[in-house]
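These values consider heavy atoms only, across backbone and side chains, with no hydrogens, waters or symmetry-generated copies.
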Amino acid sequence: MIRALLVALVLALSACSSQEEADFKQAQKSISQGHFRIALGYLDQVIKRNASSKYPLEAAREAARLSFFEIKDFKKAIAYHHYIVLNSTDEKERLESQRQIASIYFNNLQDYQASIIEFSKLQQMPHTDLEAAQYKMNIARAQYYLNNFFQAESEIDSLLKLKSDDNIRFSAMMLKGNILVAKKDFKNAAVIFKDLIDHYPDKAVQENVALTLAVCYEENFDFKSAIAVLEEHRGKYNPPEYIELRIKRLQERMRNAPGAKGFRK
């Protein structure tokens, strides 16, 4: 009797495994024909069975790829990556899928609140200081886009205490400057932008930092400093006529606002 039950169980599992393999192969065939949504249907069947074979995870990987690259259904892609995070025994694979979830929420769905949650999960997973800094940078950006300036600044200040690279540090300080601009704290924003120009001259040109610095001076009615910055960087920005027009406009504002005070030296 027991032997008969074992035989029946083996046959049932074999049948299930065979069906999973058949559905997976049908999915691959549909993919080769460009029928991506039909392929997803077969892959979903494999995943829903959640049998103890290699096929459910294989199906989730392929479904995540199809959803993101071919169908552009980003919410579906997130669901498949969640399955991988919960079911894969490969730590690196789980980590990469969690990164994909956070990235999709941030870059593709612009769901910044959800991205903050997912990047925070990454901080609880194995990571280097450089990775931790990048996660904090993304959280700070998300908070900034949500107008949560205090939280964004806190993330940046925490980030700057970590070992990171020049790209992340530059981006962090640039974001902090932009936060101060959004708060209309032009004086302190100008200090940050000037420091970026001094320490990262090439990147500062690429990111138009001098133009932003000139705006900070102008907003604080320090037209003389704004003009000086633009004149110093004349020729570094295109089109050059734009810089000339800015300078002329600032000169006109300075003439029309006698006695206007700029930053105290």
Open item on the list: More than 12 heavy atoms of other residues, nucleotides or ligands under 6.0 Å from CD of Q33: yes or no?
Closed with: yes

Task: Polar contact flag, side-chain donor to acceptor under 3.5 angstrom, Y200-D195 - done: no

Open item on the list: Let me confirm one number: the CG-CD distance from N108 to Q100, rounded to the nearest 0.5 Å.
Closed with: 9.0 Å

TODO: Would you check if Y217 and K194 make a side-chain contact, meaning some heavy-atom pair closer than 4.5 Å?
DONE: yes

Open item on the list: Looking at E218 and K224, is any side-chain nitrogen of the basic one under 4.0 Å from a carboxylate oxygen of the acidic one?
Closed with: no

TODO: May I ask you to check whether over 12 heavy atoms, not counting those of K92, lie within 6.0 Å of atom NZ?
DONE: no

Task: Residue among L230, I192, I197, L196 satisfying side chain to side chain contact (heavy atoms under 4.5 Å, CB included) with L213 - done: I197

- [ ] Please check if the distance between the ring centroids of Y242 and Y237 is under 6.0 Å.
- [x] no

- [ ] To the nearest 0.5 Å, tell me how far M254 CE sits from D222 CG.
- [x] 9.5 Å

Open item on the list: Could you check whether Y135 and R99, counting side-chain N and O atoms only, form a donor-acceptor pair closer than 3.5 Å?
Closed with: yes

- [ ] Salt-bridge test for R255 and E252: reply yes if a basic N is under 4.0 Å from a carboxylate O, no otherwise.
- [x] no

Task: Presence of salt bridge, K184 and E219, under 4.0 angstrom - done: no

Task: ring-ring contact (aromatic ring centres under 6.0 Å, His included) between F68 and F74, intermediate numbers included - done: CA-CA 6 Å; F68 186 87; F74 302 119; 5.4 Å; yes

Task: SB check E118 K121 (cutoff 4.0 Å) - done: yes

Open item on the list: Looking at E20 and K25, is there a salt bridge between them, counting it only when a charged N and a carboxylate O are closer than 4.0 Å?
Closed with: no

Task: Cation-pi, F170 ring and K203 (6.0 angstrom, 45 degrees) - done: yes

Open item on the list: Between E70 and S67 (side chain of the first, backbone of the second, donor and acceptor by atom type, cut-off under 3.5 Å), is there such a pair?
Closed with: no

TODO: Indicate yes or no: does D157 engage K176 in a salt bridge with an N to O separation below 4.0 Å.
DONE: yes

- [ ] Go through the side-chain N and O atoms of Q19 and D23 and say whether any donor and acceptor fall under 3.5 Å apart.
- [x] yes

Open item on the list: If only side-chain N and O atoms count, and only distance matters, is there a donor-acceptor pair under 3.5 Å linking R141 with Y145?
Closed with: no

TODO: Any chance you could measure E155, atom CD, to F150, atom CZ, to the nearest 0.5 Å?
DONE: 11.0 Å

